[in-house]
Amino acid sequence: MAFLNISSVYKRFGGYTALENVNLNVRQGEVIALIGHSGCGKSTLLSMIAGLSQPTQGEILLEGRPLKGPGPERGVVFQNYSLLPWLSVYQNVKVAVASVHRERTDGEKARITEKFLQIVGLWEHRHKKPGEISGGMKQRTALARALATNPKVLLLDEPFGALDALTRATLQDELLKVWDSTLEDGFLRAIWGSERKTILLVTHDIEEAIYLCDRIAVMSNGPAATIGKVVEVPLPRPRDRREMLESRAYVEIKEELLHLLTVVYARKAA
Ligand code: ADP
Ligand code: MG
């Protein structure tokens with residue numbers, strides 16, 4: 001049984017079929033991308049996995065159990081982060097930690113909050129409000145907040161899409177660092193155990209998908225979009241971006257993805 005199992009999922013909006021017969025098995029601990037043209041249904045699929053909407057038909061199982069609404073085992077980060085503007089960076093993370101880890105002492109909640117703000121490099125900025133920090137810092141806060149609640153699955157919907165290329169590259173490295181640190185940090189391992197978080201990343205950036213992921217699920221165009229081919233990324237970790245860009249494996253995967261997106265699942269003329 002797969003960790004996350006998407007089985008014959010359809011989504012219709014009135015008479016419009018957005019998704020048709022979507023199937024995907026996600027393994028525990030992998031980073032998997034969902035890539036496809038804008039409007040094909042990536043966010044629609046992700047929001048059903050988040051439990052924010054229901055499939056019209058079909059089923060999504062997490063560890064064998066059907067999803068019924070949102071839950072603390074799934075953390076979500078959207079492109080347009082939903083930080084609470086009246087709370088500081090620290091409070092934004094702390095409030096989320098407190099709402100999920102009710103059984104922990106106040107000292108533990110404070111320590112978890114501090115850990116993640118340190119990991120994403122925001123400890124010095126912890127007293128600032130979202131309106132006083134950059135877009136990259138907001139997304140770092142959103143990442144810290146999502147991971148600090150200790151979800152089994154991190155659902156990311158184009159989390160770096162609104163950022164400039166340099167900030168995006170930095171944030172991709174931060175994401176991998178946070179992903180590793182939950183295993184490498186003694187305190188976090190002691191309270192959370194040593195299972196890797198599973199990450200499902202929606203993106204339309206081919207380089208981002210290859211750099212971050214173990215597999216890339218390519219979606220066809222809507223209406224009636226579905227997951228076509230799932231491409232493996234057998235590049236060893238840790239990855240070095242420059243080495244990767246120059247490697248033959250990278251070029252081949254990129255060619256395959258480009259072919260799938262621009263020929264096999266080409267956007268229909270509007
Ligand atoms: P993507 O995230 O891949 O850009 P979306 O999942 O946002 O695409 O949208 C997929 C399709 O479903 C689009 O045609 C969009 O207009 C439609 N859609 C999404 N949400 C709704 C909704 N709540 N009501 C009607 N149509 C919707
Ligand atoms: Mg979207």
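This chain uses plain numbering: 1 for the first residue, then up along the sequence.
Between D185 and K115 there is a salt bridge, since at least one side-chain N of the basic residue sits less than 4.0 Å from a carboxylate O of the acidic one. Contact check on K152 versus E63 returns a salt bridge, with a Lys/Arg side-chain nitrogen under 4.0 Å from an Asp/Glu carboxylate oxygen. A salt bridge links E252 with R248: the closest approach of a Lys/Arg side-chain nitrogen to an acidic carboxylate oxygen falls below 4.0 angstrom. A salt bridge links E207 with R241: the distance from a Lys NZ or Arg NE/NH1/NH2 to an Asp or Glu carboxylate oxygen falls below 4.0 Å. Using a cut-off of 4.0 Å between Lys/Arg side-chain N and Asp/Glu carboxylate O, K129 and E132 are scored as not salt-bridged. Contact check on E256 versus K229 returns a salt bridge, with a Lys/Arg side-chain nitrogen under 4.0 Å from an Asp/Glu carboxylate oxygen.
One hydrophobic cluster, built from ILVMFWY side chains closer than 4.5 Å, holds both L235 and L212. Cluster annotation: L175 and I206 are assigned to the same hydrophobic cluster (Ile/Leu/Val/Met/Phe/Trp/Tyr, side-chain heavy-atom contacts under 4.5 Å, transitive). Hydrophobic clustering of Ile, Leu, Val, Met, Phe, Trp and Tyr side chains at less than 4.5 Å, counting indirect connections, keeps V95 apart from V77. When the side chains of ILVMFWY residues are joined at heavy-atom separations under 4.5 Å, either directly or via intervening members, L4 and Y10 end up in two distinct hydrophobic clusters. Note on L258: it clusters hydrophobically with M244, by side-chain heavy-atom contacts below 4.5 Å among ILVMFWY residues.
Contact check for S7 versus I60: no side-chain heavy atoms found under the 4.5 Å cut-off. Counting heavy atoms from C-beta on, the side chains of L257 and I210 come closer than 4.5 Å. Counting heavy atoms from C-beta on, the side chains of L201 and I32 never come closer than 4.5 Å. Side-chain contact between Y250 and Y211 is absent, with no heavy-atom pair separated by less than 4.5 Å. With contacts defined as side-chain heavy-atom distances shorter than 4.5 Å, the pair H204/L261 does not qualify. Between S82 and R145 there is a side-chain heavy-atom pair separated by less than 4.5 Å. Taking the side chain as every heavy atom from C-beta outward, V178 and D180 never approach each other to under 4.5 Å. Side-chain contact between R140 and F116 is absent, with no heavy atoms from C-beta onward closer than 4.5 Å.
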Review point. Given the rule in the side chain to side chain contact (heavy atoms under 4.5 Å, CB included) test, do T226 and M219 qualify, once you have shown the distances and angles that lead to the verdict?
Key: CA-CA 6 Å; T226 193; M219 289 186 70; over 6 Å; no
**Study point:** Residues K177, E174; criterion side chain to side chain contact (heavy atoms under 4.5 Å, CB included); working and verdict
**Key:** CA-CA 5 Å; K177 196 174 94 189; E174 299 266 344; 4.2 Å; yes
Practice item. Show the numbers, then the answer: is there a side chain to side chain contact (heavy atoms under 4.5 Å, CB included) between H101 and E108? Key: CA-CA 9 Å; H101 301 297; E108 281 175 324; over 6 Å; no
Exercise for review: Apply side chain to side chain contact (heavy atoms under 4.5 Å, CB included) to V26 and E30, showing your working.
Suggested key: CA-CA 7 Å; V26 178; E30 78 172 324; 3.6 Å; yes
Review point. What's the verdict on salt bridge (Lys or Arg N to Asp or Glu O under 4.0 Å) for D214 and R237, showing C-alpha distance, side-chain angles and the deciding distance?
Key: CA-CA 10 Å; D214 302 305; R237 295 183 191 268; 2.9 Å; yes
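A distance-only check finds no donor-acceptor pair linking the side chain of R74 to the backbone of V153 [under 3.5 Å]. A donor-acceptor pair is defined here as one N or O able to donate and one able to accept, closer than 3.5 Å; such a pair exists between the side chain of Q28 and the backbone of R196. Within the 3.5 Å criterion, the main-chain N or O of L87 finds a donor-acceptor partner in the side chain of N92. Although no hydrogens or angles enter the test, the distance criterion places a donor-acceptor pair under 3.5 Å between the side chain of T141 and the main chain of M137. When atom types are taken as modelled, the side chain of K254 and the backbone of L245 share no donor-acceptor pair closer than 3.5 angstrom. Judged by distance alone, the side chain of S47 and the main-chain N or O of L52 form no donor-acceptor pair under 3.5 Å. Side chain of R65 to backbone of L62: no donor-acceptor contact under 3.5 angstrom is found. Here the side chain of N5 pairs no donor or acceptor atom with the backbone of N25 at under 3.5 angstrom. Put simply, the side chain of T198 gets close to the backbone of G29: a donor and an acceptor are under 3.5 Å apart.
Considering all non-hydrogen atoms of both residues, P151 and A146 come closest at CD-O, 3.1 Å. Closest of all the heavy-atom pairs between A148 and V97 is CB-CG2, 3.6 Å. Considering every non-hydrogen atom in both L163 and G136, the closest pair reads CD2-N, 3.6 Å. Taking every heavy atom of both residues into account, S220 and C40 meet most closely at O-CB, 3.5 Å. Summarising the geometry of R239 relative to V233, their closest heavy-atom pair is NH2-O, 3.4 Å, with the distance given to 0.1 Å. R189 and E184 get closest at one heavy-atom pair: NH1-O, 3.8 Å.
Residue Q172 holds its CD atom at 8.5 Å from OG1 of T170, rounded to the nearest 0.5 Å. One finds the CZ atom of F160 at 10.0 Å from the CZ atom of R168 (value rounded to the nearest 0.5 Å). The structure places CH2 of W179 at 11.5 Å from CG of L154, a figure rounded to the nearest 0.5 Å. Going from atom OG of S134 over to atom NZ of K128 covers 9.0 Å, rounded to the nearest 0.5 Å. A distance of 10.5 Å separates CG of L34 from CG of L155, quoted to the nearest 0.5 Å. To the nearest 0.5 angstrom, D157 atom CG is 5.0 Å from L46 atom CG.
Between the side chains of E20 and T17, not a single donor N or O lies within less than 3.5 Å of an accepting N or O. Side-chain atoms of T203 and E208 include a donor-acceptor pair closer than 3.5 Å.
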